[in-house]
Amino acid sequence: MSLDKMTIAKRYSKALFDVVAEHDQVASTREELHQVRQVFLDNDGLGKILTDKGLKHNEKLEILNLLTKSASPYVSNLIKMTFDYGRIGNLTDIIDAFDDLCDANQHIVRAKLTTAVQISDTQRDQISQQFAKRVGAKQVILDSNIDDSIIGGAILQANGLIYDGSVSSQINKIKQMLIS
């Protein structure tokens, strides 16, 4: 039975998180993993190259050696292990899952805020603080965007949940009530 990408990412990231937390290396490992992710983003297709059957194994190992040359033992072992087990294509997903674990451990919530108009920094901070209280987080980091189709109000998306306080949503609710 084959595992899906998210299951793989969660398993590897959890194992890595547990090991580096035990050695008080979470922050440095997270920073290092961000650098690795950037290498994969800057070199689109790197994961495919490392899994390409047309490339010789020793050529792939040369690329891996470049990736792990200055890496900590934890990150180096992760990269080598994902390669050895045919999971190198999942490395950026593993890094993202590791980030999620770090945020959860520090009680940080990342949320997407959609408003119809640009809001001030003060308003943004107030929304962040109120949402942090509501979800029991120490900090809420908002990624804001503007979508004038919501007419007014705001939509917050975090941890797979949507808090919709938009005017367009309220109008749609009223329409549904009038129909039924």
Side-chain angles (χ1 to χ4, degrees), residues 1-115 124 128 131 135 137-147 149 155-163:
M1 179 168 113
S2 132
L3 299 174
D4 65 90
K5 286 173 34 169
M6 290 313 300
T7 301
I8 292 166
K10 286 180 180 180
R11 286 182 181 180
Y12 278 78
S13 64
K14 175 72 170 124
L16 177 63
F17 185 85
D18 289 348
V19 168
V20 298
E22 188 177 306
H23 294 94
D24 197 27
Q25 298 292 311
V26 173
S28 61
T29 300
R30 186 178 198 181
E31 184 177 317
E32 197 174 343
L33 288 173
H34 286 181
Q35 293 169 1
V36 171
R37 179 195 297 122
Q38 196 59 49
V39 168
F40 274 79
L41 293 175
D42 290 346
N43 298 282
D44 191 32
L46 180 58
K48 289 181 182 179
I49 290 170
L50 291 169
T51 57
D52 186 354
K53 292 183 181 12
L55 194 61
K56 294 179 183 173
H57 187 71
N58 64 336
E59 293 172 326
K60 293 177 185 178
L61 290 178
E62 287 178 31
I63 295 170
L64 283 177
N65 287 335
L66 288 173
L67 274 173
T68 59
K69 186 177 182 179
S70 61
S72 69
Y74 306 114
V75 172
S76 179
N77 288 341
L78 174 69
I79 293 170
K80 289 176 183 174
M81 186 171 48
T82 57
F83 175 75
D84 290 344
Y85 288 99
R87 306 280 194 213
I88 195 79
N90 300 103
L91 190 57
T92 55
D93 294 324
I94 293 167
I95 294 168
D96 291 343
F98 185 86
D99 271 344
D100 292 344
L101 287 171
C102 291
D103 285 349
N105 184 263
Q106 296 173 346
H107 303 285
I108 295 173
V109 172
R110 294 180 188 274
K112 179 180 174 186
L113 173 66
T114 303
T115 57
R124 203 175 130 86
S128 178
F131 191 61
V135 297
K138 287 183 182 176
Q139 180 183 10
V140 172
I141 299 172
L142 294 176
D143 175 26
S144 299
N145 67 339
I146 298 171
D147 179 357
S149 71
I155 301 172
L156 264 171
Q157 296 172 312
N159 299 333
L161 299 174
I162 299 173
Y163 303 89

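- For the residue pair Ala21 and Val26, the shortest heavy atom distance occurs at CA-CG2, 3.5 Å.
- The nearest pair of heavy atoms linking Ala158 to Arg110 is CB-O, 3.8 Å.
- Closest approach of Thr29 to Val20, counting heavy atoms only: OG1-CG1, 3.4 Å.
- Interatomic distance, CD1 of Ile88 versus NZ of Lys48, reported as 14.5 Å (0.5 Å rounding).
- Side-chain contact check for Arg37 versus Asp96: some heavy-atom pair is nearer than 4.5 Å.
- The nearest pair of heavy atoms linking Ala71 to Glu32 is CA-OE2, 2.9 Å.
- Under the ring pair (Phe, Tyr, Trp, His ring centres under 6.0 Å) criterion, Phe17 pairs with Phe98, not counting sequence neighbours.
- Scanning all heavy atoms of the two residues, the minimum distance from Leu50 to Lys60 falls at O-CD, 3.3 Å.
- Using a distance-only test at 3.5 Å, with no hydrogens or angles considered, a donor-acceptor pair links the side chain of Asp4 to the main chain of Met6.
- Distance OG1/Thr68 to CZ/Phe83: 11.0 Å, rounded to 0.5 Å.
- No more than 12 heavy atoms of other residues, nucleotides or ligands lie within 6.0 Å of CG in Asp44, so this atom counts as exposed by the packing criterion.
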Test side chain to side chain contact (heavy atoms under 4.5 Å, CB included) applied to Thr115 and Ile146, step by step: CA-CA 5 Å; Thr115 57; Ile146 298 171; 4.3 Å; yes
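- Here the closest heavy-atom approach between residue Ile8 and residue Arg87 is recorded as CD1-NH1, 3.2 Å.
- Taken to the nearest 0.5 Å, the CD1 atom of Ile63 stands 7.5 Å off from the CD atom of Glu59.
- Between Leu33 and Tyr74, the closest side-chain pair of non-hydrogen atoms is not below 4.5 Å.
- Remark: Asp99 CG to Arg30 CZ distance equals 4.5 Å, nearest 0.5 Å.
- Side chains of Asn90 and Tyr12 form no contact here, defined as non-hydrogen atoms less than 4.5 Å apart.
- For Asn58, the CG atom counts as densely surrounded, since its 6.0 Å shell holds more than 12 non-hydrogen atoms of other residues, nucleotides or ligands.
- One distance of note links CE of Met81 with CG of Leu91; it measures 10.5 Å at 0.5 Å rounding.
- The main-chain N or O of Leu78 is found under 3.5 Å from a side-chain atom of Thr82 such that the two form a donor-acceptor pair.
- Remark: Lys112 engages no residue in a salt bridge (charged side-chain N to carboxylate O under 4.0 Å, His left out) (not counting sequence neighbours).
- For the pair Arg124/Ser144, a side-chain contact is recorded, criterion being any heavy-atom separation below 4.5 Å from C-beta on.
- Side-chain atoms of Asn105 do not come within 3.5 Å of backbone N or O of Leu101 as any donor-acceptor pair.
- The side chain to side chain donor-acceptor pair (under 3.5 Å) test with Thr114 is passed by exactly one of Asp147, Asn145, Asp143: Asn145.
- Here CG of Leu46 is found 9.5 Å from OG1 of Thr51. Values are rounded to the nearest 0.5 Å.
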Residues Leu142, Leu156; criterion side chain to side chain contact (heavy atoms under 4.5 Å, CB included); working and verdict: CA-CA 9 Å; Leu142 294 176; Leu156 264 171; 3.6 Å; yes
